Amino acid sequence: MPVLCSSCSEKRAVLKRPKTGHSLCKECFFWAFEEEVHQTIVAAELFKPGEAVGIAASGGKDSTVLAHVMKLLNERHSYGLQLMLISVDEGITGYRDDSLETVKRNQQQYELPLKIVSYEELYGWTMDAIVKQVGLKNNCTFCGVFRRQALDRGAIMLKVDKICTGHNADDVAETVLMNVLRGDIARLRRCTTISTASEGDGVVPRCKPLKYAYEKEIVLYAYFKKLDYFSTECIYSPNAYRGHARTFLKDLESIRPSSIVDIIHSGENLSVREGVKMPVQGTCSRCGYISSQALCKSCVLLEGLNRGLPKLGIGKHHRLHEKILSQQPLTENEERKLKSVDF
Amino acid sequence: MCQVDEEYHHQLESTDRPSVSKKCVKCKELLAAVVIRAGDAFCRSCFKESFIHKFRAMLGKTRVIFPGEKVLLAVSGGPSSCSMLRQVQEGVSQNAHKKLRFLPGIVYVDEGGAVGLSKQERERTMSELRDIFRSTGFPFYILPLEQVLDLPSSVVVPAPPLSEPPTGSYKAAVDHFLQTGSRNDTTSQEQEEMSLPDVSESRTRSLQQLIGSAKSLTAREDLLSTLRQHLLVHAARTEGYSKLMLGDNCTRLAVKLLTSISLGRGAQLAQDTGFSDSRYGDVVSVRPMRDYSAKEIAFYNHMFSVPSVVIPSLETKAPEKASIQRLTESFVTKLQVDFPSTVSTIYRTSEKLQTAGRSSSPAADRGRCLLCMCSLDTAVEKASALQATLISEQLSHTKIQNPGPVKPEVPLPAEQHCSSSGEEDCGGTGSSCCSSVKEAEAPDVRSQMCYSCQLTVRDLSSVHHLPQYILSEAQRRQRRCLMREEIREFLLDDEGH
């Protein structure tokens, strides 16, 4: 016997919502999904009319759905936003070049301007070149740190007021778990906030309109909307530790589907004891980007690459920041420690 | 974000393997007998000394337990709480060079009825434990969990904290005790002993019905631990104990912290895992074993023959994915094998969280969860996970006749909710919707609970299986709330009750 849609009670339901367990027809699901994102945007006051908003687009499912929904809601609810796509080209052959093709197709479908910033033009290094020097072990650190800054630089070039990213509920929950596992109380406290405040020059405020959307629903949405997206894991990313957290989260979800949003609720309601030391935000004395240290992570990593000491930015070497700033050479002992490990 | 394994990997590489014949790191004379962490090899006597010292140091550092105070040790029969019992025994014994000066008692809650053990099995474990308890000379109480069904409602009402002397006076209290109370020795001749071996079968059946009404093992375990906690607090109150000592070790607490997060108990995390927990007001729970890892305890118990009893629990023999608690435990223990700092890192997170804070005001009973007694975290804030969930529920329910903007029909927070007590949420549980006469009388329990306890109760087939003391307290709160509603305009201070 066909199950009827629990929302319109007319059409046949085609899916069971991972988030609530209700059976819905295609149209009602689309409506619910889009309205939820809309409610999130309205409740959190993410945008103001007239703002230029950059959508961080990787070509993957989250950002493709985000671009689609943002364009749709902007028209449906007349947000009055000026939308654009920003992509970062990390320079990974066989991965990013293919996914950027998807972004370019999206650009045409959605008729949105697109800006691509590449690691090569910003830093003089592609990820392929970095991996050649660093090896496969710590490369995600480089990629992650560089991408954060690259997005900001791209946003400034496009003169947008805000960036929105495709982080979904699963990503946020996973980050809560990761920060507990790393004991990173500062990040644990801020990882559940939906948008970052404008932190100063060179940093564009960011927000996550899909914060409460389940990853599974995003895939369902893309599937039924027949959206064109690129779904390949990064060839350099076998990141074991995060993988554990991810598997754990999926297992939790299979036991109790509300777990994902329950974890976000936990994260939102944590209270940190007074007197716990928190990093103080300052600016990098080399490039002016936000940093809690004298030098921002990105500059340290870059310095390491350029000096041929890739491990300079891996782990904590705050003591060396002074030396780097004053262009002093490192001692032999220090250098030996920071050379890449041979396999 | 991806930095994690980098930082760990650094530590991992530097850990040298423990060599076979190593000297003790402390006395540097005797051969090491045990390696607790990589690099820390201890000989037998140094291990014992450091183990005992840790316990005393924890109590000394925290200064929560005052001399002469009555402290009830909750012993489950497991290695951790049995080890705690041994530490207290060593501490209060005559020849201890720095004697612990509180008055210990033991309580054991027999959950056999809930787990479905036979009468004979329950009898056997109880007699084993009775032997252990008798040998300590401390007064002890063996309580069947069935007793929870007959608790008074006062258990779920926070009592005002006992007039505790200000922290500065700890030393004064010690001095005072030394002068006056030193003759008042714990080793009194008569050992008080209380156990109620005869539990009627109908009570066991009601308990089983209650536990069984939870549809998931996750909810069942959560419910069981709540009930156990209520019984422990009640026992402490009736016997005049002001502290309840729990045997949670570091490994256990790491699991509990991650479980709590997964169950949506972020707001209650600090109370669930901190050293002291004063949510009940007059009875404060303390966790002095929180610095020991499970492995350390296992070694100690083995080397110094601390007896413990194996008692099956709800999760015994359950598969890994049977419940959130079970899954989290296996996740943490497996991760600990590959990344040895997992447990201590998670555990350190708990130390950075707010403990006292908002919950310390004993005033408002309406702001407390009916089950776990923590402050409610269910005020629906704009753009919160809770609001998002409510919107999702609503959007998958209602008909889309008018494609206008949907206004979230956010239920009123607990204080105001009572005015509409007639038709409160029949959303979650299907059964409570189709009302029988009995259902109609159901007090609105869910709105009086915290986020996480609501999840548990949603998994119950009916709230009517909840013990009477909880239901009647819910009714009392609801009546009081209605009363306040009626006289609201005459109240000058909205917060006052």
Side-chain angles (χ1 to χ4, degrees), chain A residues 6-9 17 19-20 22 24 28 31-32 35-36 38-40 42-44 77 137-138 140-141 143-144 175-178 180-183 185 188 194 212 239-242 244 248 251-252 254-256 258-259 261-274 276 314-316, chain B residues 1-10 216 218 257-258 260-267 269-270 321-324 327-328 331 335 339 342 345-346 348-349 351-355 357-358 377 382-389 391-393 395-400 403 405-406 408 451-452 455:
Chain A
S6 70
S7 180
C8 64
S9 342
R17 281 197 78 174
K19 198 172 179 179
T20 62
H22 290 101
L24 293 183
C28 289
W31 175 259
E35 273 315 297
E36 278 168 36
H38 171 61
Q39 292 294 341
T40 308
V42 173
H77 296 287
K137 228 168 185 173
N138 296 313
C140 288
T141 308
C143 196
T175 309
V176 171
L177 293 178
M178 280 297 285
V180 172
L181 292 175
R182 305 153 30 123
I185 199 82
L188 182 60
I194 191 160
Y212 296 114
N239 189 326
Y241 202 86
R242 207 179 178 90
H244 291 306
F248 176 54
D251 289 344
L252 282 176
S254 73
I255 296 174
R256 182 184 267 182
S258 71
S259 290
V261 84
D262 297 343
I263 291 173
I264 302 179
H265 176 83
S266 283
E268 287 174 347
N269 286 283
L270 280 183
S271 49
V272 174
R273 222 176 55 194
E274 281 163 47
V276 171
I314 309 294
K316 295 195 168 115
Chain B
M1 280 295 108
C2 306
Q3 243 166 288
V4 162
D5 49 338
E6 278 86 65
E7 280 170 16
Y8 275 101
H9 138 218
H10 211 75
S216 63
T218 306
L257 184 124
L258 213 51
S260 285
I261 287 190
S262 312
L263 292 174
R265 295 185 60 80
L269 214 54
K321 290 185 194 171
S323 74
I324 289 181
L327 176 74
T328 313
F331 171 70
L335 208 56
F339 305 92
T342 302
T345 309
I346 301 175
R348 275 205 309 277
T349 312
E351 293 192 319
K352 296 173 192 156
L353 298 167
Q354 185 80 42
T355 32
R358 298 162 295 175
D377 56 349
K382 267 191 154 191
S384 62
L386 186 53
Q387 191 196 29
T389 314
I391 291 172
S392 297
E393 292 272 338
L395 279 171
S396 333
H397 244 331
T398 47
K399 292 179 181 173
I400 31 171
V406 185
Y451 181 92
S452 179
L455 291 176

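Here is how names work: the chains are called A, B, and so on, in the same order as the sequence lines, proteins then strands, and each is numbered from 1. All values derive from a computational prediction rather than experimental measurement.
Heavy-atom distances place the side chain of Glu268(A), and not its backbone, under 4.5 Å from chain B. Leu252(A) touches chain B through backbone and side chain together, each having a heavy atom under 4.5 Å away. Of the atoms belonging to Leu263(B), heavy atoms from both backbone and side chain fall under 4.5 Å from chain A. Residue Thr328(B) touches chain A through both its backbone and its side chain, counting heavy-atom pairs closer than 4.5 Å. For Phe248(A), the parts lying near chain B are the backbone and the side chain together; criterion is any non-hydrogen pair under 4.5 Å. With a 4.5 angstrom heavy-atom cutoff, Leu327(B) touches chain A via backbone and side-chain atoms both. Neither the backbone nor the side chain of Ile194(A) comes within less than 4.5 Å of any heavy atom in chain B. Contacts between Ser262(B) and chain A at a heavy-atom distance below 4.5 Å involve backbone atoms as well as side-chain atoms. With a 4.5 Å cut-off on non-hydrogen atoms, Leu269(B) touches chain A through its side chain but not through its backbone. Interface remark: Arg265(B) contributes backbone atoms only to the contact with chain A (heavy atom separation under 4.5 Å). Of the two parts of Leu257(B), only the side chain, counted from C-beta on, holds a non-hydrogen atom closer than 4.5 Å to a non-hydrogen atom of chain A.
At distances below 3.5 Å, not a single donor-acceptor pair connects side-chain atoms of Ser323(B) with backbone N or O atoms of Thr218(B).
Annotation: maximal heavy-atom pairing with chain A below 4.5 Å, among Ser384(B), Ala388(B), Ser216(B), occurs at Ser384(B). Counting heavy-atom pairs closer than 4.5 Å to chain A, the top residue among Ile346(B), Ile261(B), Thr349(B) is Ile261(B).
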